[in-house]
Student: 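Sharing a structure with you now.
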Amino acid sequence: MEKRVKERREGLPELPNAEKGKVILRFAPNPNGPLSFGHGRGVVINSQYAETYDGKLILRFDDTDTSRKPPLPLAYEQIPEEIEWLAGFKPHLTIMASDRIEVYYEHAVKMLKMGAGYICTCSADEFKQFRVAKSNCPCRDNSSEKNMQGWEKMLDGTYSPGDAVVRVKTDMANKNPALRDWPAFRMQDTITNPHPRKEIGSKYRVWPLLDFQSAVEDHLQGVTHIIRGKDLMDSTRKQVLLYEHFNWEYPETIYWGRVKVHEFGGFSTSEMRKDIEAGIWSGWDDPCLPTMATLRRRGIDPIAFRDFWIELGLTQKDIAVPLSSLFAHNTKKIDATAPRLSFVRNPDAISVGIDADERMSSISVKSHPKEDIGMRKISFDWNERGTDIYIENEDSTANADIGMRLKDWCDIGPIAEGFSQMTSLEPATELAKIHWVAKGGASPATLMRPEGKQLHTIEGLLENHDFPIGTIVQLERVGYARIEKDGNLIYTHD
RNA sequence: GCUCGCGUAGUGUAGCGGUCCAUCAUGAAGGCCUCUCGAGCCUUCGACUCGGGUUCAAAUCCCGGCGCGAGCACCA
């Protein structure tokens, strides 16, 4: 009997009805902040499919809410960079919804003239009653002339925000309440809350809602496949009803479920923005925040982040993943190129006694135990008794009675009054191997280590080095860390 | 309340009627290797939400229950 090994599908599943070279995908974030951890999924999945099918990826800024989720100017610049970092290429086309308001207006007018939509002057509460009761609101019977008059009143400011909306006619008896005559346009007070893009500012009073804007734009751009969260399933259903009015064909749509990262409970872009402005966080790349900027800063490899998302796949299950899953991917990417370096926390000065004939001016240590990525040199200053080093307090107390192995150098005997005699250059296997730095060969540095919403700042002595800013190193017996601009360290992961 | 969706080892996934006493990764435990508590290698552990039905045959199809999540915003 032979055991058959079943073929296991690798990577993402095939896209339905996808023809190589003709696939058009889009990634449509709200630029109310730079990209978050969760946006990574949209970037990775869409860009991966674009590559696989030799298709196009459109970046669309859905910036149509000027008051609740106002766009952040910085985001328009940072998001494209973040996409390029993660996807490995620039979007083939970038669109801003705020540039396309008049196009949406044309479609609104078309819809009103067709009798497929109407101006509704009911309040949100009033309409809710109709929605619950499955009955038509009085505005539903407006003639198209009356609707056009209403539309003009919205545009010219006769109406104020809250007075009127444009609704898409579906069916008030639709068994899914979410689909009943849904709103397509509302008014916004752009005098009080101008759109942050200067060229838009207070130019428009009437703004499309996502379901309308996105639906029209997807059609106009020839989007063939929409990949979105399953919380948008009803959005798809609303849009399909709109497409039927226009006689358009809706793109293939694929959904993913909700992802929660254990370590990051309860962060939203709006909340982060508020807290950054309040000074709670140092910026969008604060070590504690679940943003792509922070991931980059902490030394997460973009390929590892891609692998992480691709492994999660495209299921509609709601999942909760630990950050360690991403870290496992990252270790695979960075370990081979991460130079080893010693970082001594809670340093204890130890004087090491060495006979004069065994003193060398320096030793050379491999930067990586397996890979050939160079050597580092550790120099010593000698005095009458020997030389001074620092080791972690925890190590010196734990091993004071028996001595220890100074990794890559020598064994030392028991420590008494800050002094220990070197016993051998060759390692005695029974001794604990600890890391250390030479007195003149290290400089004070801090290691920033985020733990949930807490940032721990660990002081220590970092072995001297000449690695450039941004190098990801492995601190012996501590973990991976990235060298920051000021020479300090930010913790990557274990 | 109405509507929609999901439910495979601790976690995440593959499988989607027989080749499944169910894949792979991660995790945990043990071992090997190694001058790091890192990497690598090996072994082990561990799952089809429940109940009916259809069928010669169900993780896979159907119905119901249960659990979880989402939508019903003049947010995206």
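Throughout, protein chains are lettered first and strands after them, A, B, ... in sequence-line order, and every chain is numbered starting at 1.
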Student: Stem ranges for RNA chain B, with three or more consecutive Watson-Crick or G-U pairs under 3.5 Å?
Tutor: B:1-7 with B:66-72, B:10-12 with B:24-26, B:27-32 with B:40-45, B:49-53 with B:61-65
Student: Looking at rG5(B), rG38(B), rC35(B), which one has an atom nearest to any side-chain atom of H368(A)?
Tutor: rG38(B)
Student: Remember a base hit wins even if backbone is also touched, and classify L210(A) as base, sugar-phosphate or nothing at under 4.0 Å, heavy atoms.
Tutor: base
Student: Just compare rU26(B), rG5(B), rG1(B) and give me whichever is closest to any side-chain atom of P177(A).
Tutor: rG1(B)
Student: What nucleotide among rU26(B), rA76(B), rG38(B) has an atom nearest to a side-chain atom of L209(A)?
Tutor: rA76(B)
Student: Could you check whether S67(A) gets within reach of a base, just the sugar-phosphate, or nothing at all, counting any heavy atom under 4.0 Å?
Tutor: nothing
Student: Tell me which one of T121(A), V165(A), D181(A) satisfies side-chain contact (heavy atoms from CB on, under 4.5 Å) with C139(A).
Tutor: T121(A)
Student: Name the closest nucleotide to the R9(A) side chain, picking from rG69(B), rG38(B), rG15(B).
Tutor: rG15(B)
Student: Give the ring-plane orientation class for W409(A) versus F380(A), where under 30° counts as parallel, over 60° as perpendicular and anything between as tilted.
Tutor: parallel
Student: Between F37(A) and F305(A), is the gap from one ring center to the other below 6.0 Å?
Tutor: yes
Student: Measure from the side chain of K332(A), starting at C-beta and using heavy atoms only, and say which of rG40(B), rA76(B), rG5(B) lies closest.
Tutor: rG40(B)
Student: Counting side-chain heavy atoms from CB outward, which of rC37(B), rC72(B), rA70(B) is closest to A178(A)?
Tutor: rC72(B)
Student: For the residue pair A293(A) and W284(A), what are the closest heavy atoms and their distance?
Tutor: CB-O, 3.9 Å
Student: What does T315(A) touch in the nucleic acid at a heavy-atom separation under 4.0 angstrom: a base, only the sugar-phosphate, or nothing?
Tutor: sugar-phosphate
Student: Under 4.0 Å between any heavy atoms, over every strand shown, what does Q316(A) touch: base, sugar-phosphate, or nothing? Just pick one.
Tutor: sugar-phosphate
Student: Have a look at P369(A) and say if it touches a base, only the backbone sugar-phosphate, or nothing, with a 4.0 Å heavy-atom cut-off.
Tutor: base
Student: Quick one: which of rG12(B), rG15(B), rG38(B) gets closest to the side chain of I319(A)?
Tutor: rG12(B)
Student: With a cut-off of less than 4.0 Å, is there a side-chain N or O of R477(A) near OP1 or OP2 of rG38(B)?
Tutor: no
Student: Taking only side-chain nitrogens and oxygens of R237(A), does any of them come within less than 4.0 Å of OP1 or OP2 of rC72(B)?
Tutor: no
Student: Closer to the 5' end of RNA chain B via nearest nucleotide, is it R405(A) or G11(A)?
Tutor: G11(A)
Student: Which part of the nucleic acid, if any, lies within contact of T331(A), taking any heavy atom under 4.0 Å across all strands shown: a base, the sugar-phosphate backbone alone, or nothing?
Tutor: sugar-phosphate
Student: What does K407(A) touch in the nucleic acid at a heavy-atom separation under 4.0 angstrom: a base, only the sugar-phosphate, or nothing?
Tutor: base
Student: Are the ring centres of F212(A) and W207(A) closer than 6.0 Å?
Tutor: no
Student: Counting the atoms with a prime plus P, OP1 and OP2 as sugar-phosphate, which does L179(A) contact under 4.0 Å by heavy atoms, base, sugar-phosphate, or nothing?
Tutor: nothing
Student: Just checking G257(A): base, sugar-phosphate only, or nothing, at a heavy-atom cut-off of under 4.0 Å?
Tutor: nothing
Student: Using heavy atoms to find the nearest nucleotide of RNA chain B for D408(A) and R167(A) separately, return the residue whose nucleotide is more 5′.
Tutor: D408(A)
Student: Can you figure out which of rC74(B), rA76(B), rC6(B) approaches the side chain of D65(A) most closely?
Tutor: rA76(B)
Student: Picking from rU3(B), rG12(B), rG38(B), which would you name as closest to the side chain of K175(A)?
Tutor: rU3(B)
Student: To the nearest angstrom, how far is R258(A) atom CZ from rC4(B) atom P?
Tutor: 21 Å
Student: Indicate the ring-plane relationship of Y76(A) and H195(A), choosing parallel, tilted or perpendicular according to the 30° and 60° boundaries.
Tutor: tilted
Student: Hey, does C122(A) reach any base, or is it just sugar-phosphate, or nothing, if we go heavy atoms under 4.0 Å?
Tutor: base
Student: Is it true that E244(A) and R237(A) make a salt bridge, defined as a side-chain N closer than 4.0 Å to a carboxylate O?
Tutor: no
Student: Under 4.0 Å between any heavy atoms, over every strand shown, what does A320(A) touch: base, sugar-phosphate, or nothing? Just pick one.
Tutor: sugar-phosphate
Student: Determine whether a donor-acceptor pair (one donor, one acceptor, N or O, separation below 3.5 Å) exists between the side chain of E311(A) and the base of rU26(B).
Tutor: no
Student: Within less than 4.0 Å of OP1 or OP2 of rC75(B), is there a side-chain N or O belonging to R68(A)?
Tutor: yes
Student: Roughly how many Å apart are rG69(B) and rG27(B), using the P atom of each and rounding to a whole number?
Tutor: 28 Å
Student: Scan F185(A) against the nucleic acid and name what it touches under 4.0 Å (heavy atoms): base, sugar-phosphate only, or nothing.
Tutor: nothing
Student: N/O contacts under 3.5 Å, protein versus nucleotides 27-29 of chain B?
Tutor:
none

Student: Which residue is it: T291(A), I83(A), T269(A), L295(A)? I am looking for the one with a side-chain contact (heavy atoms from CB on, under 4.5 Å) to L35(A).
Tutor: I83(A)
Student: Could you check whether V321(A) gets within reach of a base, just the sugar-phosphate, or nothing at all, counting any heavy atom under 4.0 Å?
Tutor: sugar-phosphate
Student: Quick one: is K317(A) getting a side-chain N or O under 4.0 Å of the rG12(B) phosphate, OP1 or OP2?
Tutor: no
Student: OP1 or OP2 of rU34(B) less than 4.0 angstrom from a side-chain nitrogen or oxygen of K433(A), does that happen here?
Tutor: no
Student: For K69(A), report the nucleic acid contact type (base, sugar-phosphate, nothing); a contact means any heavy atom under 4.0 Å.
Tutor: base
